There are 2 protein chains.
Amino acid sequence: MTTRRPRERGVTVEDVARAAGVSRQTISNALNAPHRLKAETLERVSAVIEQLGYRPDQSARSLKSGTRRIIAYPTPVDDPANPNPLMGGFLEAVVAASGEAGYRILLVRPRPGQSQEQALDELIAARTVDGFLLSDVLRDDPRVAHLTAAGFPFAAFGRTAPGQPQSWADVDSAQAMIDLVGLIAARGHRRVAFLASTGGQPWMDDRRDGFLAGARRHHLTTQVYSVPGDDPAGIVAATRDLLSGRARPTAVVVSGDWLTLGVYTAARAEGLEIGEDLAVAAFDDLPITGFLQPALTTVRLPLRRIAEALINRLLRIIEDGVTPEAGLLLPGELVVRPSLGP
Amino acid sequence: MTTRRPRERGVTVEDVARAAGVSRQTISNALNAPHRLKAETLERVSAVIEQLGYRPDQSARSLKSGTRRIIAYPTPVDDPANPNPLMGGFLEAVVAASGEAGYRILLVRPRPGQSQEQALDELIAARTVDGFLLSDVLRDDPRVAHLTAAGFPFAAFGRTAPGQPQSWADVDSAQAMIDLVGLIAARGHRRVAFLASTGGQPWMDDRRDGFLAGARRHHLTTQVYSVPGDDPAGIVAATRDLLSGRARPTAVVVSGDWLTLGVYTAARAEGLEIGEDLAVAAFDDLPITGFLQPALTTVRLPLRRIAEALINRLLRIIEDGVTPEAGLLLPGELVVRPSLGP
DNA sequence: TTGAAAGCGCTAACAG
DNA sequence: CTGTTAGCGCTTTCAA
């Protein structure tokens, strides 16, 4: 079945103008500056527009105006066998927030053999988008440096360096950890361990720093374990080691929910009941947390608020040319579930 | 800090032509029909293009050519508190497949008060995209009907009706279920239950039908339970009911991984050991499956292959005007884990 | 093989 | 308040 259509020429201003018996400009005005038309004309013209289903050609309009109403989101590369379960929720929030303002999200990715910076340059040079939304931003992210140098609008989920535009929003991981440790201390724990995977991501450092700050504040005895990568076996081994020592901790804070599987496994192997003999808490609130037995205490990321803040800030830059003076930290939400114990 | 830039005029053909000492047309040819240039000229011109970082303006090019190299993906509305954990993996695969072919994905969504169809019409009329990628397609999906009527290119994750263009790809849920039931039968089970949530999605029907077909083939005694919605409490109750009857099933097949939490809970409440007293299998291979104890036997969706097939088919329609004769069913992958027992 | 001219559909500037 | 003119940057004729 072949459906090759002869590149349909859609309905244009010309058509509408003729049908309404006015000039092309009047049509344009009806859409872009309705106050300039006599109420009666406007009504008549609008009816014709409606009836013909006329929409200004996006490309023509963009060519003229120089604005695309599109935001590029460089999609993080994901392992399809083990995809980031929060990506859908973040995009949901981003699409909702940008759609509200009449912008759409274009998913972009460097072509094979192309660097991140080259991909950005191409999008800028081809004037494909009005700005960039960046996520998983590192402390010294080359993309941020590049966009800053190019003077092109962006907003970052993560944090930028002091000399760079502060158009970012991030989870206040440190504060959330401090709160979490406070809760643990209030429940009488004195020896608390922190278990982290060493990926080098800045947000993981923030979590660790927050943990340490909280522990210091409550005079807790701490122990910090780092395991390479996300290898479950390594985590189980580390946790068993942690739990088999003398003076073992009565609570374990884990840098991310994903690792807790290993912790649960190890605790069982050591004959410890989670929530009874050992309190466990983590971070992220992945969809899995309800599936652990007992359910996991964790910190929920404020993805919706982050997305809204990022889009707001980006549009302020794009439309008003105003770059925020300071970054924005949004609080994580403590979700207390049985793994924390009584 | 105000960074309002005076709407930078990027580098245009004109600039490059002047710099290279040739006409505008030669530049255009160098990019779009290099074979028409003398090798030496081409080289020289390319060097200048490279040096000036020239990229044809996307809008101008689109206006002229009528092609956007953009595919719209109407993003399913997601519950941000409980996001679809597979969305990230699907988008990853879609972005990779389309990027390969030089297309990008635009996330779209009806504006407040706008219907799905109106949103499609707007994108078509404004010539914003070359085609649509649809997911979560219902058996009689209004979007498919609308795009078919408009004669606009699309590809559907799901299945279209017989009279409609068969540009779809889907998981062969029925066959995967038949295989799964075969495996269960081979392990000696004679009484098998099917537990489903009633959402009315066609793929859920496919799964049930596959289950029944498999059971028939192996002469198994079956029992089908349907629970409204995804309410965990309802599932626990139904499962307890199921398990407490006389002649209770020795295996339970669940329509989706998500529901198994309730099944596990109910089984424990009945004093049954999963994998020992009761075999459990489900569908989707959500990231949670490894977190259940014992780990869950399930069917993995071939999202990467689906995405590739959809993009392939869509581009065939867009670029060659050729609509596939038939839909494409891709096999799910049986992932056997301890919940199925010995 | 290269150059000149026209026009894609739209809107901003100006004139009536 | 409405109409005319020009041009955004590109590519597709057509002519040289």
Side-chain angles (χ1 to χ4, degrees), chain A residues 6-46 48-49 52-69 122-130, chain B residues 6-46 48-49 52-69 122-130:
Chain A
R7 175 116 349 264
E8 287 163 27
R9 310 236 66 76
V11 19
T12 76
V13 254
E14 194 67 53
D15 304 329
V16 185
R18 204 166 17 231
V22 296
S23 81
R24 299 172 8 171
Q25 184 48 26
T26 305
I27 307 303
S28 177
N29 281 339
L31 258 40
N32 304 309
H35 58 272
R36 292 217 201 127
L37 297 196
K38 207 165 27 176
E40 188 243 342
T41 315
L42 177 58
E43 188 149 348
R44 189 163 47 87
V45 166
S46 301
V48 177
I49 289 176
L52 266 52
Y54 169 70
R55 302 279 168 192
D57 181 289
Q58 187 69 54
S59 301
R61 178 175 255 190
S62 290
L63 177 58
K64 189 74 195 161
S65 70
T67 172
R68 314 288 116 128
R69 312 224 88 180
E122 181 170 331
L123 287 157
I124 295 172
R127 276 140 288 179
T128 306
V129 299
D130 296 325
Chain B
R7 174 99 13 247
E8 288 165 25
R9 310 234 68 73
V11 20
T12 78
V13 255
E14 195 66 50
D15 304 328
V16 185
R18 204 167 15 233
V22 295
S23 81
R24 298 175 9 176
Q25 183 46 26
T26 306
I27 307 303
S28 179
N29 280 340
L31 258 39
N32 304 309
H35 58 274
R36 291 214 201 131
L37 296 196
K38 209 165 25 172
E40 187 243 345
T41 315
L42 176 58
E43 187 148 348
R44 189 162 49 87
V45 166
S46 301
V48 176
I49 289 176
L52 266 56
Y54 168 70
R55 302 279 169 193
D57 182 290
Q58 186 70 53
S59 302
R61 176 176 259 189
S62 292
L63 176 58
K64 190 71 196 162
S65 70
T67 172
R68 314 290 120 137
R69 313 224 86 181
E122 180 170 332
L123 286 157
I124 295 172
R127 276 139 290 179
T128 306
V129 298
D130 297 323

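Below, read A as the first sequence line, B as the second, and so on, with proteins coming before strands; counting in each chain starts at 1. Since the model is a prediction, treat every value here as computed from it, not as a measurement. Computation of the quantities below employed the complete heavy-atom set of this structure, encompassing side-chain atoms and omitting hydrogens, waters and symmetry-equivalent molecules.
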Arg44(A) CZ to dC1(D) P, straight-line distance once rounded to whole Å: 14 Å
May I have the distance from Asp57(B) (atom CG) to dC8(C) (atom P), rounded to whole angstrom? 18 Å
Sort me out a list of protein N/O and nucleotides 14-16 of chain D N/O pairs below 3.5 Å, or just none if empty.
none

Spatial distance of atom CD (Glu14(B)) from atom OG (Ser23(B)) [nearest 0.5 Å]: 9.5 Å
Tell me every residue that passes side-chain hydrogen bond (donor to acceptor under 3.5 Å, both in side chains) with Arg55(A), counting only those two or more places apart in sequence or in another chain. none
In degrees, rounded to 10°, what is the bend between the two ends of the helix from dT1(C)-dA16(D) to dG16(C)-dC1(D), using five pairs at each? 40°
Rounded at 0.5 Å granularity, tell me how far CZ in Arg61(B) sits from OG1 in Thr67(B). 10.0 Å
How would you label the contact of Lys64(A) with the nucleic acid (heavy atoms, under 4.0 Å): base, sugar-phosphate, or nothing? base
List for me each residue that meets side-chain hydrogen bond (donor to acceptor under 3.5 Å, both in side chains) alongside Gln25(A), sequence neighbours excluded, and say none if there are none. Asn29(A)
Give Thr41(A) one of three labels, base, sugar-phosphate or nothing, depending on what nucleic acid heavy atoms sit under 4.0 Å from its own. sugar-phosphate
How about Arg24(B) and Ser28(B): do any of their side-chain heavy atoms sit closer than 4.5 Å? no
Of all heavy-atom pairs linking Leu52(B) and Val11(B), the shortest is O-CG1, 3.6 Å
Could you report the tightest heavy-atom contact between Arg68(B) and Asp130(B), atom names first, then the distance? N-OD1, 2.9 Å
To the nearest angstrom, how far is Arg61(A) atom CZ from dG9(D) atom C1'? 19 Å
OG/Ser62(A) to CD/Gln58(B) distance, rounded to the nearest 0.5 angstrom? 10.0 Å
In terms of side-chain geometry, is the basic nitrogen of Lys64(B) or Asp57(A) positioned less than 4.0 Å from the acidic oxygen of its partner? no
Picking from dT1(C), dG9(C), dT11(D), the nucleotide nearest the side-chain atoms of Ala60(A) would be dG9(C)
For DNA chain C, which residues in residues 17-31 of chain A have a heavy atom at a distance below 4.0 Å? Arg24(A), Gln25(A), Ser28(A)
Write down the atom of Ala125(A), the atom of Gly53(B), and the distance for their closest heavy-atom approach. CB-O, 3.9 Å
Tell me, with the steps shown, if Thr128(B) and Arg69(A) meet side chain to side chain contact (heavy atoms under 4.5 Å, CB included). CA-CA 11 Å; Thr128(B) 306; Arg69(A) 312 224 88 180; over 6 Å; no
Given atom CD of Gln58(A) and atom C1' of dC10(D), what is their separation to the nearest angstrom? 17 Å
What's the CZ-P distance between Arg68(B) and dC8(C), to the nearest Å? 14 Å
Can you measure Leu63(A) atom CG to dT11(C) atom P for me and round it to whole angstrom units? 11 Å
Can you check the Glu43(B) CD to dT1(C) P distance for me, whole Å? 16 Å
Here the distance between atom P of dG9(D) and atom CD of Glu14(B), to the nearest Å, is 10 Å
When you get a sec, tell me which of dG9(D), dT2(D), dC8(D) is the closest nucleotide to the side chain of Leu37(A)? dT2(D)
Output all residues satisfying side-chain contact (heavy atoms from CB on, under 4.5 Å) with Leu31(B), sequence neighbours left out; order by chain, then residue number. Ile49(B), Tyr54(B), Pro56(B)
